[in-house]
Number of protein chains: 2
Amino acid sequence: MSALGFLPATVRKSSTTRELDAGEILFHQGDRALWIYEVEHGRLRLVRYTVDGHPVPLHTARAGELFAEAALFAGTYRCDAVASVPSRVRVYPKRELLAAFRRDSTVAERFMAILAGQIHALRARVQERNIRSASARVLHHLALNTGKDGRTARLDGSLVDLAAEIGLTHEALYRTLGRLEKSGAIERNGSEIMLKKSPGL
Amino acid sequence: MSALGFLPATVRKSSTTRELDAGEILFHQGDRALWIYEVEHGRLRLVRYTVDGHPVPLHTARAGELFAEAALFAGTYRCDAVASVPSRVRVYPKRELLAAFRRDSTVAERFMAILAGQIHALRARVQERNIRSASARVLHHLALNTGKDGRTARLDGSLVDLAAEIGLTHEALYRTLGRLEKSGAIERNGSEIMLKKSPGL
DNA sequence: CGGCGTTTTGAGAGAGCTCAACATCGGTGG
DNA sequence: CCACCGATGTTGAGCTCTCTCAAAACGCCG
């Protein structure tokens with residue numbers, strides 16, 4: 001179930017979980033970085049504060065996501081982590097992880113692979129945000145999220161969630177999907193969307 | 001000079017460089033993944049093709065950037081890499097890198113630290129792109145790129161480059177900077193921008 | 001001097017956001 | 001069993017903001 005499921009039993013057993021209420025703070029900027037985390041459910045905002053105390057949002061970590069990985073290689077956290085909604089996180093002690101990496105290089109490599117995969121996904125997302133047109137952006141997203149046939153994308157959450165993920169309002173997303181379907185570019189079927197003939201992206 | 005400067009001499013010596021003309025292809029989707037790359041100068045587009053042959057841009061790698069790191073853990077490349085302009089890349093043989101990781105876990109850890117840092121930067125960039133308002137986006141970017149004083153950001157390239165980096169047209173950026181300066185939110189001084197009193201971001 | 005890239009300002013249009021109303025569905029409690 | 005409520009899905013109308021296209025001043029370098 002966890003993205004870190006490959007970890008040896010010794011490390012996995014050293015992990016714990018922590019429940020957070022909405023608004024509860026997991027760690028503060030400047031705290032000693034002793035753990036990294038994975039969101040089991042809920043949502044956490046990572047926020048940095050400027051010298052004059054203004055918040056600068058860095059990221060929102062969602063279910064299934066690993067975060068504060070940079071803490072592995074830094075002494076202190078560089079931002080605050082606050083639960084946006086009631087959440088549960090899995091807590092991995094940094095020492096144990098690093099020890100496991102040293103003990104077995106294949107563990108280190110798998111972890112690197114996870115990081116490399118995240119980089120890939122994030123780059124694609126940045127690229128996606130460069131696309132202004134709602135329809136082109138939606139098609140880009142769908143094209144990158146097709147299943148094995150390379151044509152069909154399955155929606156796992158609501159359209160509201162999808163809209164947030166690709167950076168559109170849900171109204172704009174509804175309208176865009178409607179227009180794309182009417183024009184024959186896609187076909188909807190419950191939670192599945194099939195790309196018919198993708199026009200120039 | 002290289003982001004991978006920490007690598008042991010044996011690995012560094014095993015790296016080579018390759019010059020690319022504009023439009024020249026570095027690797028193809030499906031090619032065996034034997035190398036990872038670093039852009040020394042120029043710009044490369046990473047593009048994936050859908051089943052019906054339409055290009056889906058994944059990323060644009062710029063000077064100083066490491067790319068195709070995922071190749072370390074995959075058998076084949078998952079996209080094409082094409083030079084947008086005449087470019088030079090440094091070529092690291094995957095085998096040598098992986099061997100170095102296994103030989104010395106501190107090398108592996110430094111590489112992980114680089115990956116983790118990239119993830120951080122990319123997440124911040126995604127977050128930044130979620131901001132619609134040009135002025136808020138500019139302030140967000142400046143706040144995350146201040147020097148040690150936490151107030152002053154130094155521009156390394158032209159404003160045209162900055163505009164592309166934060167996803168605005170250069171005209172919009174000029175106007176926004178002008179307005180911010182007039183309103184007293186920032187102060188410009190050649191290539192330095194000082195944040196005066198950051199309003200709510 | 002004559003280009004070329006950067007910086008700057010202007011006017012207009014289009015696209016997505018905002019606000020608003022409404023239908024639908026599933027769960028909850030009286 | 002039904003009324004109510006919240007989340008999801010959908011559509012409409014107007015507005016704002018950035019993009020686009022255009023033009024021009026500026027500095028730099030050959």
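Keep in mind that the numbers below use all heavy atoms, side chains included, and drop hydrogens, waters and symmetry copies. Protein chains get the first letters and strands the later ones, always in sequence-line order, with residue 1 at the start of each.
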When rounded to whole Å, the CD to P distance for the pair A/Glu181 and D/dG9 reads 14 Å

d(CZ, A/Arg137; P, C/dG16) in whole Å: 9 Å

Rounded to whole angstroms, how far apart are CG on B/Leu168 and C1' on D/dT20? 14 Å

Enter the distance from A/Thr60:OG1 to A/Leu44:CG here, rounded to the nearest 0.5 Å. 9.0 Å

B/Phe67: ring pair (Phe, Tyr, Trp, His ring centres under 6.0 Å) partners, not counting sequence neighbours: B/Tyr37

Can you check the B/Asn130 CG to C/dG16 C1' distance for me, whole Å? 15 Å

Interatomic distance, B/Arg179 CZ vs C/dG10 P [rounded to whole Å]: 12 Å

B/Arg175 side chain, from C-beta outward: closest of D/dT10, C/dT6, C/dA11: C/dA11

Listed partners of B/Phe73 passing ring pair (Phe, Tyr, Trp, His ring centres under 6.0 Å), at least two apart: none

Nearest to side-chain heavy atoms of B/Ser133, which nucleotide of D/dT18, D/dT10, D/dT8: D/dT18

What integer distance in Å separates B/Asp161:CG from C/dT6:P? 7 Å

With respect to B/Arg90, which candidate in B/Thr17, B/Thr16, B/Ile36, B/Leu66 satisfies the side chain to side chain contact (heavy atoms under 4.5 Å, CB included) definition? B/Thr17

Within less than 4.0 Å of OP1 or OP2 of C/dT7, is there a side-chain N or O belonging to B/Tyr174? yes

Just N and O in the side chain of A/Arg132: are any of them under 4.0 Å from OP1 or OP2 of C/dA15? no

For C/dT8, does OP1 or OP2 lie under 4.0 Å from any side-chain N or O of B/Arg188? yes

Distance, rounded to the nearest Å, where B/Glu171 contributes CD and C/dT6 contributes C1': 12 Å

First encountered from the 5' end of DNA chain D, between B/Gly167 and A/His170: A/His170

Nearest-Å distance for atom pair CG/P, residues B/Leu177 and D/dT18: 13 Å

For B/Ala134 against B/Thr176, the heavy-atom pair lying closest together: CB-OG1, 3.4 Å

When you check the phosphate oxygens OP1 and OP2 of C/dG16, does a side-chain N or O of A/Thr169 lie under 4.0 Å from one of them? no

